[in-house]
Amino acid sequence: AFGGGVHVNRGALSIEGGTIKANTTTKSDTTRGGGGVYATGGTVTLSSGSVENNNARNGGGLNLDGSSTFTMTGGVITGNSNTSNYGAGVTVGGGSSFTMSGSALIEKNTDTGAGGGGVMVYKGDSVFTMESGTIRANTADIRGGGVCVYGNASFVMNGGVIGGEDPSDANTAESGGGVNLYSDWMGNDPSFTMTGSSLIKNNTADQGGGVSRYNTATATLKMYDNATITENFAEVGGGMYLGGGSITYFDMYDSSSVHHNTATRSGGGIDSISTEFTMHDTSSVHHNTAGGWGGGVAHWSNDLMIMNDSSSVHDNETTSSGGGIAVTNRAGLVMNDQATVVDNTAGENGGGIFTEYSAATPANPTSLTMNGGTVARNTALGSEKGGGGIFFDGQANKTVTLFISGDSVIVDNSAPNGHGGGIYSNEPYWGQMVIGSDTVFERNTASAAYIPPTTVFDDYPSIEFASISIGGLVPYHPLN
């Protein structure tokens with residue numbers, strides 16, 4: 001039967017102490033199971049006690065179905081497992097809702113099925129709301145070590161911690177150590193919102209140590225207030241990996257931040273593919289580290305990253321290119337208002353911003369547009385090329401574009417071992433690059449002057465360099 005320990009059928013179960021332990025059900029389909037508790041159309045509360053060491057194919061600890069309601073204000077869900085379907089600790093399905101608050105703890109559950117070590121939020125407009133409490137040290141073989149949100153389900157994190165202060169608190173998975181978003185095969189898409197002082201910390205995955213979006217046709221992620229993703233680790237996307245599917249909509253507001261994450265490959269803070277990523281207010285991506293492109297952000301494929309207001313990407317580092325931001329493969333970056341890219345370091349090219357042309361076309365280029373904002377105090381350590389502030393990989397077919405206007409500021413950047421302290425243009429096709437005369441371009445340094453080309457291109461007159469930067473030099477010389 002469903003519910004190895006308890007089956008709640010349109011009734012109510014209140015757990016105020018004691019233990020539901022070591023129960024098993026082998027009966028399961030895609031929404032029903034429940035090793036410890038199975039509820040359909042029921043109400044379950046847990047304020048003390050534990051649900052532990054139960055096993056099912058679906059919902060090892062608890063399985064909610066048929067618009068059930070589960071409220072957890074205390075107690076612990078631990079040591080549960082599932083073997084083939086979804087959710088080792090808790091599965092929230094069939095339009096059910098789960099609210100977690102107080103001292104509630106979900107830990108050390110193991111998913112060897114399709115996802116959701118701690119919690120699986122499964123389709124049918126099911127909702128998981130986390131007000132406080134902790135989800136830690138859970139494991140999923142494939143996706144969502146802490147939480148997996150599948151299909152048209154949603155996760156609202158208003159507080160609490162996923163992971164913890166110690167590395168032993170890490171939730172782990174192949175994709176999304178902390179949280180994973182995954183669409184169903186009918187294209188129903190999940191959403192995830194972080195508000196308040198919610199914290200995702202010290203989680204580990206191959207893709208997206210803190211958060212991953214994978215194989216979703218469309219997904220929506222939002223961060224508000226002081227929501228934080230920090231000290232997570234992955235091969236790709238130390239803090240967040242947003243890839244696969246058609247498009248992700250990701251917005252950061254207020255003072256939300258992604259910081260001190262590590263990726264051995266690209267995207268120390270965020271690795272975003274086919275993502276409309278917008279930073280607002282004073283949101284920030286900072287102090288992240290990568291072994292490949294994009295110490296702070298690696299932004300790929302088709303869509304824009306937009307920095308508005310006083311948002312910032314700062315103090316990030318990579319041993320490769322794009323200390324702050326790497327933009328490539330038909331993606332674009334737009335800086336507005338008082339947005340800043342400052343104090344980033346690249347071991348090779350583009351200390352602040354790195355642009356690259358692969359797979360771009362004239363109709364769908366890789367692009368960088370500054371309508372304002374500041375690129376300052378960035379460093380590129382490469383000896384062959386450089387670009388302390390910006391590395392611009394211009395191409396003859398104009399598949400990469402650079403436009404700088406308004407009150408944009410490019411100052412105090414350096415390429416101590418190479419060229420182009422402020423901007424390095426990899427190929428001098430000037431018709432792709434327009435620098436407005438009102439741009440402040442000062443105190444950028446490099447080890448050697450850039451040698452200008454002997455050919456003057458027909459479209460050269462479209463360039464309007466900042467007079468403050470050129471002095472008496474030839475017009476295309478001051479990119480150092």
Side-chain angles (χ1 to χ4, degrees), residues 2-6 15 19-39 44 46 49-65 68 70 72 75-94 96 98 100 104-123 126 128 130 133-151 153 155 160-164 168-182 203-205 212:
F2 299 119
V6 180
I15 305 169
T19 302
I20 298 176
K21 182 177 181 179
N23 301 283
T24 299
T25 177
T26 58
K27 188 173 182 180
S28 176
D29 57 26
T30 57
T31 60
R32 296 178 292 182
V37 176
Y38 172 73
V44 180
L46 173 59
S50 64
V51 178
E52 60 182 90
N53 298 338
N54 302 282
N55 176 267
R57 293 180 181 175
N58 199 66
L62 295 93
N63 186 177
L64 311 172
D65 191 24
S68 293
F70 175 35
M72 184 181 182
V76 60
I77 298 172
T78 184
N80 301 283
S81 60
N82 73 301
T83 55
S84 60
N85 288 336
Y86 305 100
V90 181
T91 294
V92 187
S96 298
F98 170 26
M100 183 178 180
L105 175 62
I106 299 175
E107 66 170 359
K108 300 177 181 177
N109 301 284
T110 302
D111 164 63
T112 57
V119 179
M120 164 62 78
V121 194
Y122 184 85
K123 300 201 307 185
S126 301
F128 172 34
M130 187 175 183
T134 303
I135 299 174
R136 69 186 183 200
N138 301 282
T139 301
D141 277 359
I142 302 175
R143 61 185 73 93
V147 179
C148 183
V149 189
Y150 181 77
F155 175 26
V161 180
I162 296 177
S168 65
D169 295 327
N171 298 286
T172 62
E174 179 181 305
S175 181
V179 178
N180 172 266
L181 307 180
Y182 196 84
N203 303 283
T204 301
S212 75

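Judged by distance alone, the side chain of N58 and the main-chain N or O of Y86 form a donor-acceptor pair under 3.5 Å. In this structure, the side chain of N54 engages the main chain of N23 through a donor-acceptor pair within 3.5 Å. The closest donor-acceptor contact from the side chain of R143 to the backbone of A114 lies under 3.5 Å. Between the side chain of N53 and the backbone N or O of K21, no donor-acceptor pair lies under 3.5 Å.
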Practice item. Take V119 and M100 through the side chain to side chain contact (heavy atoms under 4.5 Å, CB included) test and state the conclusion after the steps. Key: CA-CA 11 Å; V119 179; M100 183 178 180; 5.9 Å; no
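A pairwise comparison of heavy atoms in A56 and G34 identifies CB-N, 3.8 Å as the closest pair. The two residues G176 and A205 make their nearest non-hydrogen contact at N-CB, 3.8 Å. What you find for S168 and A137 is that their closest heavy atoms are O-CB, 3.7 Å. Between K123 and A153, the shortest heavy-atom distance links the atoms N-CB, 3.7 Å. In this structure, G116 and A140 approach most closely via the heavy-atom pair N-CB, 4.2 Å. What you find for I162 and M130 is that their closest heavy atoms are CG1-SD, 4.2 Å.
Among the candidates T91, V92, V149, the single residue satisfying the side chain to side chain contact (heavy atoms under 4.5 Å, CB included) test with S126 is V92. None of N82, N85, N138 except one satisfies the side chain to side chain donor-acceptor pair (under 3.5 Å) rule with D111; the exception is N82.
One distance of note links CG of D65 with OH of Y122; it measures 10.0 Å at 0.5 Å rounding. To the nearest 0.5 Å, the span separating CG on L62 from OG on S68 amounts to 10.5 Å. In this structure, N109 CG and T78 OG1 are separated by 5.5 Å, a value rounded to the nearest 0.5 Å. Taken from SG in C148 to CZ in F128, the straight-line distance is 12.5 Å, to the nearest 0.5 Å. We find the CG-CD1 distance between N171 and I106 to be 10.0 Å, quoted to the nearest 0.5 Å. Note: I15 CD1 to M72 CE = 9.0 Å, rounded to the nearest 0.5 Å.
Taking the six-membered ring where the residue is Trp, Y38 and F2 present tilted rings, their angle falling between 30° and 60°.
Counting heavy atoms from C-beta on, the side chains of T134 and E107 never come closer than 4.5 Å. Contact of the V161 side chain with the R136 side chain is not registered, since no non-hydrogen atoms from C-beta on lie closer than 4.5 Å.
Checking N55 against S81 by side-chain atom types alone, a donor-acceptor pair falls below 3.5 Å. For the residue pair S50/T19, the side-chain donor-acceptor check at 3.5 Å is satisfied.
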